[in-house]
Amino acid sequence: MYPKLFDQPYLNTFGLCFCIGIALCFAVIGHYAREKKVDPEFMRFLHLNGYLAIVVAFSSGVLLQATYDYIENPAAGFHITGAVTFFGGLIGGVGSFLTGYFACGRRKFGPRLIGIMPIVPAGVSIAQACGRIGCFFGGCCYGKPTDSCLGVHFPNLGYKALPTQLYEALFLLVLFAIIFHLAITRSFRQAPALYMISYGAFRFLIEFIRDDPRGRLIGPLSPAQTISLFLVAGSVAVYFATEYLLKEHRNGNGFSSGG
C-alpha cells in the first residue's frame with residue numbers, strides 16, 4: 001500500500017483521497033444547483049454551512065472511534081488515536097449541517113432545503129467512495145484473510161486479505177450513479193431514504209467479512225452493524241419526513257424558484 005506521500009508523515013494518501021472526495025461532493029451538488037436553478041445566495045449559505053459540517057464530522061468521527069475503543073478496553077483509558085469512523089463523521093456532520101440550517105438558513109430562505117436534498121446523498125456517496133479508496137492505500141478497513149485470487153497483500157498485515165475497501169468503493173460509486181441519475185433526470189426526491197436503506201443494508205452485510213476491529217457497541221455486532229440497523233430503520237422516518245417537507249415546500253416557495 002501507499003499510506004504516505006513523498007515519505008512525509010503529514011502528507012498521506014487517505015488525506016488526499018478525502019480532499020478529492022470533498023471536492024467532488026461539492027462539484028456534484030453545484031452541478032445540480034445550476035441544472036435546477038437553485039438560488040445562488042442560498043447555495044453560498046449551504047457551502048459555508050457545509051464547510052463547518054465537515055470540520056464537525058471529522059472531529060466526531062475521531063471522538064466516536066475513541067469511544068468505541070474505551071468501551072472495549074476501559075482499562076486503557078480514553079484517548080484519541082487519530083483513527084476515524086465513518087458513521088461517527090456522518091452523524092456529527094449531518095447533525096451540524098441541519099443545526100446550522102434550522103438555526104440560521106430556514107429563517108432567511110424558508111423551506112428550501114428539500115429542494116437540494118435529492119442530490120446530497122449522491123455527493124456523500126462519491127466522497128465516501130474516495131475515502132474508501134484512501135483506506136485501501138492506507139491499509140486500514142481491510143477484510144478477512146484469504147488465499148483466493150480475490151485477496152490483496154497488505155504489507156502492514158503480512159498476509160493476503162479481502163480488499164473490502166474496494167468492494168465498498170465500488171458499491172458507493174454505483175449508488176452515486178443511481179441517485180445522480182434519478183435526481184437529475186427524474187426529479188427523484190426520496191434520495192436520503194434510498195441512501196440510508198441501501199448503504200445501511202450493504203454496510204451491515206460487508207462487516208461480516210471485514211477484519212479491522214473497531215471495538216464493540218452493543219452485543220456481538222460491530223459498531224458499524226449496530227448503527228446500520230438504526231440507519232435502515234431511520235430511513236422509514238426520513239421517507240415520511242421528506243414527504244411532509246415536500247408538501248410544505250410546494251405550499252411555500254415552489255421548486256422552480258427555490259431549487
Side-chain angles (χ1 to χ4, degrees), residues 1 3 14 17-18 21 57 60-74 81-94 121 124-179 192-238:
M1 303 301 105
F14 175 80
C17 291
F18 178 81
S60 63
V62 171
L63 288 173
L64 192 59
Q65 181 57 57
T67 302
Y68 293 162
D69 295 337
Y70 177 75
I71 291 173
E72 186 174 33
N73 185 17
T81 63
V84 183
T85 174
F86 167 73
F87 275 127
L90 181 66
I91 294 169
V94 170
V124 171
S125 296
I126 197 168
Q128 196 178 347
C130 290
R132 281 303 180 216
I133 294 173
C135 291
F136 175 76
F137 284 122
C140 64
C141 305
Y142 47 83
K144 292 186 178 298
T146 182
D147 291 324
S148 73
C149 61
L150 297 176
V152 172
H153 182 76
F154 289 86
N156 57 312
L157 298 179
Y159 56 81
K160 290 173 63 177
L162 294 171
T164 48
Q165 314 97 322
L166 299 184
Y167 301 162
E168 188 169 339
L170 178 60
F171 170 81
L172 288 164
L173 288 174
V174 172
L175 184 59
F176 157 75
I178 292 172
I179 293 176
L194 176 61
Y195 170 85
M196 290 173 67
I197 193 169
S198 300
Y199 181 69
F202 176 85
R203 184 62 185 271
F204 182 87
L205 294 174
I206 201 173
E207 284 291 307
F208 287 111
I209 61 171
R210 272 186 58 168
D211 197 34
D212 181 22
R214 292 301 176 107
R216 286 287 180 267
L217 194 58
I218 299 176
L221 299 178
S222 71
Q225 286 178 314
T226 302
I227 297 175
S228 291
L229 293 177
F230 284 104
L231 199 66
V232 171
S235 66
V236 178
V238 168

Nearest 0.5 Å, what's the [atom1]-[atom2] distance between [X] and [Y]?
X      : Y      : atom1 : atom2 : answer
Leu90  : Ile227 : CG    : CD1   : 9.0 Å
Leu172 : Ile126 : CG    : CD1   : 10.0 Å
Phe14  : Ile133 : CZ    : CD1   : 11.5 Å
Thr146 : Ile209 : OG1   : CD1   : 10.0 Å
Leu173 : Glu168 : CG    : CD    : 11.0 Å
Arg203 : Arg210 : CZ    : CZ    : 4.5 Å

List the atom of [X], the atom of [Y], and the distance in Å for their closest heavy-atom pair.
X      : Y      : value
Arg132 : Phe86  : NH2-CB, 4.3 Å
Cys130 : Cys17  : O-CB, 3.2 Å
Asp147 : Lys160 : O-NZ, 3.9 Å
Pro145 : Tyr159 : CG-CE1, 3.6 Å
Pro223 : Tyr68  : CB-CZ, 3.3 Å
Gly21  : Ala127 : O-CB, 3.4 Å

Side chain proximity check, [X] to [Y], heavy atoms < 4.5 angstrom:
X      : Y      : value
Val232 : Phe204 : no
Leu157 : Asp211 : no
Tyr167 : Leu150 : yes
Gln225 : Phe208 : yes

Next item on the list: Could you tell me whether a side-chain N or O of Lys144 sits under 3.5 Å from a main-chain N or O of Leu162, the two making a donor and an acceptor?
Entry: no
Margin query: For the backbone of Gly88 and the side chain of Ser60, can you confirm whether one donor and one acceptor N or O come within less than 3.5 Å of each other?
Written below: yes
Next item on the list: Under the side chain to side chain contact (heavy atoms under 4.5 Å, CB included) rule, collect the residues that match up with Cys140, sequence neighbours excluded.
Entry: Cys135, Asp212, Arg214
Check: For Phe202 and Leu175, what are the C-alpha separation, side-chain angles and deciding distance, and is it a side-chain contact (heavy atoms from CB on, under 4.5 Å)?
Finding: CA-CA 11 Å; Phe202 176 85; Leu175 184 59; over 6 Å; no
Next item on the list: Show the numbers, then the answer: is there a side-chain contact (heavy atoms from CB on, under 4.5 Å) between Leu229 and Leu221?
Entry: CA-CA 10 Å; Leu229 293 177; Leu221 299 178; 3.8 Å; yes
Next item on the list: Describe, in one word, how the ring planes of Tyr199 and Tyr195 are oriented to each other, choosing from parallel (under 30°), tilted (30 to 60°) and perpendicular (over 60°).
Entry: parallel
Note to self: Please determine whether side-chain contact (heavy atoms from CB on, under 4.5 Å) holds for the pair Phe87 and Thr226, giving the CA-CA distance in whole Å, both sets of side-chain angles, and the decisive distance to 0.1 Å.
What the structure shows: CA-CA 10 Å; Phe87 275 127; Thr226 302; over 6 Å; no
